[in-house]
Number of protein chains: 2
Amino acid sequence: MKNNSSHQKISVAVDVLLFTIEDDKLKIVLVKRKEKPFKGSFALPGVALRESETLKEAAERSVRERTGLKNIFLEQLYTFGELERDPRSRTVSVTYYALTDPGKLDASGADDGVSLISVDEILKGDPELAFDHRGIIEYGRNRLGGKVNYSDIAFEFVPEEFTLPQLQRVYEILLGENLYKANFRKMISPLVEETGNMLTGMAHRPSKLYRRKEV
Amino acid sequence: MKNNSSHQKISVAVDVLLFTIEDDKLKIVLVKRKEKPFKGSFALPGVALRESETLKEAAERSVRERTGLKNIFLEQLYTFGELERDPRSRTVSVTYYALTDPGKLDASGADDGVSLISVDEILKGDPELAFDHRGIIEYGRNRLGGKVNYSDIAFEFVPEEFTLPQLQRVYEILLGENLYKANFRKMISPLVEETGNMLTGMAHRPSKLYRRKEV
DNA sequence: TGACTTAGTAGCAATTTTGTACTATGATAA
DNA sequence: TTATCATAGTACAAAATTGCTACTAAGTCA
């Protein structure tokens, strides 16, 4: 923070990695670009930062404009500032990751041109992405994996009422490894409480529904 | 990342939290402001991001210009973008934290106006800082505490050859709690190797010197 | 009604963490 | 030259956690 030398030619963008889990796969919301560089490619939903909004507000706006979602989990990820990230101008991107369960996302009536794409596929390189967005997603995916163990982000991927097998699956997908049922339950039980309801209708024993316990 | 609407009035700054441990206390490098807002107050060393440099290069420049230090540990911390952070103009600050052992810092011949200040004192509010820098330091100090357990940052605070009691002290200061000698040694021993030298001259049993083991 | 499939639990073995108590060694001072 | 001091370093048991296996439970479906 020093003398701001007159006019600045550096743009500030805010991009969002909106993750969800659907069909037992980690997926991310991407938008199809309609403009000049990388036209037709998928990219992260992003906005140019306005002078009148904070970074987080810009991230919320980005999510809201594309998907209609409000009040979802949103946390800053990293800021990317390589020189040639954007061919148009020097752009610094502050990235956020957002998490939601797929139910909310379906219900929110997203734009056309908004797609849910498998993160694994993207990392394998299948849909090639605009800018450096593949690298950003790779970074975000790794952070997500690390965060599972020392935070409660897993709950963001399930609805308010969920079964323990559902929640366990979320952990397994984020961690990339299978967990033992008995241990998972011992670990998670202090954090949840039964709602009294059951999830029935499956061709096997029904499971209890839980909610997240306060504090 | 979207249409960059003509001229932008948002400045990008890069500020650095340069931590070290001296006299058994976590300290941070601050500079005394010589200019308009908060003149005379302490502030984090920072620079305005240049169009021709990456964020990390700007952070390195900030460290080098103030302290002369090169090639030190540097990692991005967080990006702050509240509206009223800087009274002069809307400024987004990308912050980095840097770590060094106090020996290097002394040897580097820092500027006048560069001070090493106790982080605990700052958090208690003693030297009041410019801008939102106290909050930034608080955030950085917490992250540092968390990082100790799943990274090797503690090694950055000691010289190449160090004793295990020295290294343990670093852990204790960063974690804010005392560790059991025996446990600490079991935990750390796979990461270090003896140099064959001893640190002698103390009025008690001398201790072996170690270095960090490769990979 | 019995087979199937997943939900949920019991409990032991292996490992890690926590904690205490001991021995070791150079400097210092009588 | 020897006892004392202060910290370095080690041994080992108790407690907690994790890893793993094997069981019982309860709906649906043929």
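We name chains A, B, ... by the order of the sequence lines, and we start the count at 1 in each one.
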Quiz item: Among C:dT18, C:dT28, D:dG9, which is the nearest nucleotide to the side chain of B:Arg185?
Solution: D:dG9
Practice problem: Could you check which of C:dA7, D:dT18, C:dT20 has an atom nearest any side-chain atom of A:Lys186? | Solution: D:dT18
Self-check item: Which nucleotide in C:dT18, D:dT28, C:dT9 has an atom nearest any side-chain atom of A:Thr200
Solution: D:dT28
Self-check item: Nearest-neighbour nucleotide for the A:Pro165 side chain, D:dG9, C:dA7, C:dT18 considered
Solution: C:dA7
Practice problem: Report the distance from atom CG of B:Asn178 to atom C1' of C:dT20, rounded to the nearest whole Å. | Solution: 16 Å
Practice problem: Round to the nearest Å and state the distance from A:Leu179 atom CG to C:dA7 atom P. | Solution: 14 Å
Practice problem: Write down the distance between CG (B:Leu167) and P (D:dA8), rounded to a whole number of angstrom. | Solution: 13 Å
Practice problem: For A:Met187 and for B:Lys208, locate the closest nucleotide of DNA chain D by heavy-atom distance; then report the residue assigned to the nucleotide nearer the 5' terminus. | Solution: B:Lys208
Self-check item: Separation of atom CD in A:Gln166 from atom P in C:dG8, rounded to whole Å
Solution: 10 Å
Quiz item: Checking all strands, does A:Met198 fall into the base, sugar-phosphate, or nothing category for heavy-atom contacts under 4.0 angstrom?
Solution: nothing
Exercise. Find out whether A:Thr79 and B:Val92 are in side-chain contact, i.e. whether some heavy atom of one side chain is under 4.5 Å from a heavy atom of the other.
Key: no
Quiz prompt | A:Leu199 vs A:Gln166 side-chain heavy atoms within contact, under 4.5 Å | solution = yes
Exercise. Calculate the interatomic distance between B:Leu164 atom CG and D:dT7 atom C1'; express it in whole Å.
Key: 13 Å
Exercise. Determine, for A:Glu60 against A:Lys70, whether the closest basic-nitrogen to carboxylate-oxygen distance falls under 4.0 angstrom.
Key: no
Quiz item: Between the side-chain atoms of A:Arg205 and the base atoms of C:dA7, is any donor-acceptor pair under 3.5 Å?
Solution: yes
Quiz item: A:Asn183 side chain: which of D:dA8, D:dT18, C:dT5 is closest?
Solution: D:dT18
Practice problem: In whole angstrom, give the distance that lies between atom CD of A:Glu194 and atom C1' of C:dG8. | Solution: 11 Å
Quiz item: Between A:Ala203 and A:Tyr180, who's closer to the 5' end of DNA chain D by nearest nucleotide?
Solution: A:Tyr180
Self-check item: Shortest side-chain distance from A:His204, nucleotide among C:dA7, D:dA8, D:dT10
Solution: C:dA7
Exercise. Tell me, please, whether B:Phe38 has B:Arg33 positioned over its six-membered ring: NZ or CZ under 6.0 Å from the ring centre and within 45 degrees of its axis?
Key: no
Quiz prompt | Separation of atom NZ in B:Lys181 from atom P in C:dC22, rounded to whole Å | solution = 14 Å
Practice problem: Run the ring-centre check on B:Phe73 versus B:Phe155 and record whether the distance is less than 6.0 Å. | Solution: no
